[in-house]
2 protein chains.
Amino acid sequence: MAASLTPYKDYDSKSKFLFAVDCTVFGVSENRLRLLIFEREVEPLAGEWSLLGSFINRNESTRDAASRILLELTGLDNIYMEQLHCFAEPNRDPGGPVISVAYWSLIKINQNDREFNVDNHKARWVSIDEMPELILDHGEMVTMAIRRLRERAKFYPIGFELVPKEFTLRQLLSVYEAIFDHKIDDRNFRKKILKSGLLTMLDKKDKTTSRKGSYLYEFNKDTYRQLQDKGYNFEF
Amino acid sequence: MAASLTPYKDYDSKSKFLFAVDCTVFGVSENRLRLLIFEREVEPLAGEWSLLGSFINRNESTRDAASRILLELTGLDNIYMEQLHCFAEPNRDPGGPVISVAYWSLIKINQNDREFNVDNHKARWVSIDEMPELILDHGEMVTMAIRRLRERAKFYPIGFELVPKEFTLRQLLSVYEAIFDHKIDDRNFRKKILKSGLLTMLDKKDKTTSRKGSYLYEFNKDTYRQLQDKGYNFEF
DNA sequence: ACAAAAGTGTTCAGAGTACACCCATGT
DNA sequence: ACATGGGTGTACTCTGAACACTTTTGT
């Protein structure tokens, strides 16, 4: 028990719990919304598919713990991350009384996938419609995370977390198609996204996908931050 | 430790925590968004203002615990309630390593305030702009809860949780004014809310506020549930 | 010259916004 | 008759939705 001014006097008699975080990590590749899953290494349930998680230590917050996990995995420490929900059904974990706080995060797949390969985790990107059964309540976490992601994506500039620093409109459109799982009219998309003021057109073209080449954009950080606070309608 | 198939083998060596829930309870009265606060009864920090909370037991979920608290307080068990966030900063509680899951809920003030009076809790409704300092991170919980409430209220039919079973349009409008903290044009409000299909006009009038009397409405449960899933734009 | 992706504009319908007067009734 | 709150309609603007052809350029 940590140093404290006036400890709870019946501290020892109360129920205590282990505390864990689990991360739902999303990315988009090949026009699909994908999720990073792991082969669990510890008993119980070793060898089954799960989210990446960790117990938390006495001196870290849940957010610290989630960042720590993502850093170990990707080598990146500026990943978009939000708390999702605390899962605490009694007996949710056959390993003991463990309460878990789920986080969800977004990463740019192509930018990082090399690092996953050299990593010693047994990780796999799966499309969200081809997800295998996950252990414990991790399936429920994913369902909730997808719902939350779609809700955020509708009103906050979130698609940008899934796209490289410089990107084409087609790439961005395709991220939104993957998140919302429906086709988007490209003319209306361009019109609306350009009107938002979020994008700055660069004087460069990406020639990898067509002979004509398509303009690269980056996003305008000021507008981006404003819209994170105020919200904007990103329904297409 | 509960019965389990294969317990974590280093269970005893890991950090363990007490686990609590705290409830942010909102209501609307006299055109103000209000919050229920309590004089804390236990040490440490007894006598200061706080949210209503409780430790959770081994065999209840956080949701059960939050419902339990609200039931004790109000005598009602069908209160609108959502999980807000898990607060776990190290040393957030001087009483020991306690992690808290915050919930927020909405209740109809006039319907229940009698029960608060006979209750032995030292409770008080305060307008959100006249809130005193709260203990620990409870102020932060409230700030986040207000933000979440406003977000929900914009897109989901939530105002109805704050209004009696039969209500006038003026009452409903005034709930939305309180939540969003700005005046709403009553003609546009009527037009939009009636178009949503959420309301059924009753063949009764409330004559307590004017000589002419104003029609009472109730909400249409089917439409209500649909809009809870799909969402609707409740910005006025 | 042709294939393949990029880029561009218009029309229509529906929703939001601003705004001012008459209605019903108890006293 | 009048005071009080309840109830109603219109014009304008803006946004969203549907929809098809031209441009560029490497081969």
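Protein chains get the first letters and strands the later ones, always in sequence-line order, with residue 1 at the start of each.
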- Taking atom CZ of B:F180 as the centre, report whether more than 12 heavy atoms of other residues, nucleotides or ligands fall under 6.0 Å from it. yes

- Message: Ring of A:F236, cation from A:K192 - is the NZ or CZ under 6.0 Å from the centre and inside 45° of the axis?
- Response: yes

- Note on the structure: In B:D64, B:I56, B:L51, the residue satisfying side chain to side chain contact (heavy atoms under 4.5 Å, CB included) with B:V21 is B:I56

- Query: To the nearest Å, how far apart are A:F234 CZ and D:dG16 P?
  - Reply: 12 Å

- Query: Between A:L173 (CG) and C:dA6 (P), how many Å, whole number?
  - Reply: 10 Å

- Task: Please determine if a side-chain N or O atom of B:K191 lies less than 4.0 Å away from the OP1 or OP2 oxygen of D:dG7.
- Result: no

- Can you list, by residue number, the residues of residues 207-216 of chain B that have a non-hydrogen atom closer than 4.0 angstrom to DNA chain D? B:T209, B:S210, B:K212, B:G213, B:S214, B:Y215

- Item | Any A:R170 side-chain nitrogen or oxygen under 4.0 Å from OP1 or OP2 of C:dA6 | yes

- Query: Starting at the 5' end of DNA chain D and moving along, which residue's nearest nucleotide shows up first, A:K205 or A:D186?
  - Reply: A:D186

- Message: How many whole angstroms separate atom CE of B:M201 from atom C1' of D:dT8?
- Response: 11 Å

- Message: Is any side-chain heavy atom of A:K212 closer than 4.5 Å to one of A:K207?
- Response: no

- Find out whether the Lys NZ or Arg CZ of A:R152 is both under 6.0 angstrom from the six-membered ring centre of A:W104 and within 45° of the ring's axis. no

- Value in whole Å for how far the C1' atom of C:dG14 lies from NZ of B:K192: 12 Å

- Query: Within the modelled atom types, does a donor on one side and an acceptor on the other bring the side chain of A:N188 and the base of D:dA18 under 3.5 Å apart?
  - Reply: yes

- Counting N and O atoms only, with roles assigned by atom type, does the side chain of A:R124 sit under 3.5 Å from a partner on the main chain of A:L36, one being a donor and the other an acceptor? no

- Message: Between C1' on C:dA15 and CG on B:L194, what's the gap in Å once rounded to a whole number?
- Response: 16 Å

- Walking DNA chain C from its 5' end, the first of B:Y232 and B:D185 to be reached, judged by nearest nucleotide, is B:Y232

- From CD of B:Q171 across to P of D:dG5 the rounded distance in Å is 15 Å

- Item | salt bridge (Lys or Arg N to Asp or Glu O under 4.0 Å) evaluation trace for B:R32 with B:D129 | CA-CA 9 Å; B:R32 309 305 288 245; B:D129 4 87; 2.5 Å; yes

- Message: Does D:dG16 have OP1 or OP2 under 4.0 Å away from a side-chain N or O of A:K195?
- Response: yes

- Message: I want to check one thing: is the phosphate of C:dG7, taken as OP1 and OP2, less than 4.0 Å away from some side-chain N or O of A:R190?
- Response: yes

